[in-house]
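Data block below; observations after.
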Amino acid sequence: MTENTRADKWLWYVRIYKSRSLSAAACRGGKIKLNGELVKASKALKAGDMLSFKSGPVTKTIRVTGFPSNRIAAKFTHLYYEDLTPADEYEKLKVMKEKAPPVFYSGKGRPTKKDRRRLEEFF
């Protein structure tokens with residue numbers, strides 16, 4: 001394990017972003033803050049650094065606790081950071097899910113190929 005890693009690599013290693021190019025783009029776009037300041041993708045992170053970023057409606061805050069040597073499985077990501085996101089941020093997500101209209105698929109719309117064949121057999 002290393003003692004520090006580039007910000008974009010670390011975000012990708014611990015599966016905050018699906019690809020390293022997405023994590024680098026987030027850094028370039030000003031979506032990641034390191035200790036309250038915007039961070040460049042090449043910035044070396046140290047243990048104890050605080051990162052904040054938006055994940056949907058939630059602004060997450062995490063503390064870097066370790067540095068994996070390569071990308072790790074999702075079930076082991078909690079070993080390398082500590083989630084310090086306030087509970088009210090997660091409450092926002094819960095409220096949004098409750099207020100969202102229910103999704104119903106009524107089967108309307110353009111017929112599928114299977115539907116078209118059944119109609120042709122009928123006539």
Side-chain angles (χ1 to χ4, degrees):
M1 289 196 199
T2 61
E3 304 226 355
N4 56 20
T5 305
R6 288 174 53 111
D8 61 338
K9 270 189 177 182
W10 189 86
L11 290 166
W12 175 60
Y13 283 168
V14 296
R15 296 182 180 266
I16 305 294
Y17 289 98
K18 281 187 170 185
S19 69
R20 185 167 169 201
S21 60
L22 286 175
S23 64
C27 292
R28 274 194 312 273
K31 298 192 183 343
I32 310 292
K33 290 187 178 182
L34 172 66
N35 300 325
E37 296 180 10
L38 296 179
V39 65
K40 289 185 176 182
S42 61
K43 177 71 176 169
L45 299 179
K46 301 181 298 265
D49 281 345
M50 304 281 280
L51 291 170
S52 60
F53 56 93
K54 284 196 71 88
S55 177
V58 178
T59 302
K60 290 191 173 191
T61 306
I62 59 176
R63 178 182 294 136
V64 177
T65 58
F67 300 95
S69 57
N70 54 4
R71 195 154 194 231
I72 55 174
K75 65 181 181 180
F76 299 120
T77 58
H78 69 280
L79 301 173
Y80 298 99
Y81 66 85
E82 180 183 353
D83 190 3
L84 303 173
T85 307
D88 61 332
E89 287 290 327
Y90 289 116
E91 192 63 32
K92 277 191 223 175
L93 185 62
K94 189 175 179 181
V95 168
M96 286 184 71
K97 284 183 178 179
E98 289 173 357
K99 287 186 177 182
V103 178
F104 295 108
Y105 297 102
S106 60
K108 294 181 182 176
R110 186 173 171 178
T112 64
K113 191 182 275 189
K114 184 177 181 180
D115 293 337
R116 181 183 54 81
R117 288 183 181 142
R118 287 188 11 221
L119 281 171
E120 286 176 355
E121 287 175 6
F122 182 73
F123 290 111

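This is a predicted model, so every value here is computed, not measured. Heads up: numbering here begins at 1 and tracks the sequence.
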With sequence neighbours left out, write down each residue that passes salt bridge (Lys or Arg N to Asp or Glu O under 4.0 Å) with [X], or none if nothing qualifies.
X	result
Lys33	none
Arg28	none
Arg20	Asp8

Worksheet item: Residues two or more places apart in sequence or in another chain: which of them pass side chain to side chain contact (heavy atoms under 4.5 Å, CB included) with Asp83?
Response: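 For Asp83 the side chain to side chain contact (heavy atoms under 4.5 Å, CB included) partners, ignoring immediate neighbours, are Ile62, Thr85, Tyr90.
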
Worksheet, complete the sentence: Sorted by chain and residue number, the side chain to side chain contact (heavy atoms under 4.5 Å, CB included) partners of Lys94 (sequence neighbours excluded) come out as Glu91, Glu98

Worksheet item: Who passes side chain to side chain donor-acceptor pair (under 3.5 Å) against Ser21, sequence neighbours left out?
Response: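 Residues passing side chain to side chain donor-acceptor pair (under 3.5 Å) with Ser21: Ser19.
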
If Ile, Leu, Val, Met, Phe, Trp and Tyr residues are connected whenever their side-chain heavy atoms lie under 4.5 Å apart, and connections chain through other members, are [X] and [Y] in the same group?
X	Y	result
Leu84	Tyr81	no
Val64	Val14	yes
Tyr17	Leu51	yes
Leu34	Ile16	yes

Worksheet item: Can you check whether Gly66's main-chain N or O pairs, donor with acceptor, with Trp10's side chain at less than 3.5 Å?
Response: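 Here the side-chain-to-backbone pair exists.
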
Worksheet item: For Ile72, does its backbone N or O pair with a side-chain atom of Arg15 as donor and acceptor, under 3.5 Å?
Response: yes

Worksheet item: For Arg71 and Trp12, which heavy atoms make the closest approach, and how far apart are they?
Response: NE-O, 2.9 Å

Item to complete: Not counting sequence neighbours, list each pair that qualifies as a side chain to side chain donor-acceptor pair (under 3.5 Å) and has a residue in residues 55-65.
Response: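 Applying side chain to side chain donor-acceptor pair (under 3.5 Å) to every pair that reaches into residues 55-65, excluding sequence neighbours, yields Arg63-Glu82.
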
Discussion item. Test: side chain to side chain donor-acceptor pair (under 3.5 Å). Region: residues 113-123. Which pairs qualify, not counting sequence neighbours?
Written reply: Thr112-Asp115, Arg116-Glu120

Practice prompt. Could you note down all residue pairs passing salt bridge (charged side-chain N to carboxylate O under 4.0 Å, His left out) where residues 41-58 supplies at least one of them, sequence neighbours left out?
Written response: none

Practice prompt. Might you confirm whether atom CE of Met96 has over 12 heavy atoms from other residues, nucleotides or ligands at distances under 6.0 Å?
Written response: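 No, because the 6.0 Å sphere around CE of Met96 holds 12 heavy atoms or fewer from other groups.
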
Worksheet item: Just how far is it from atom CG of Leu22 to atom CG of Leu11, taken to the nearest 0.5 Å?
Response: 11.0 Å

Item to complete: Working to the nearest 0.5 Å, report the span between CD1 of Ile32 and OG of Ser52.
Response: 8.0 Å

Discussion item. Are the side chains of Cys27 and Lys40 in contact, using a 4.5 Å heavy-atom criterion?
Written reply: no

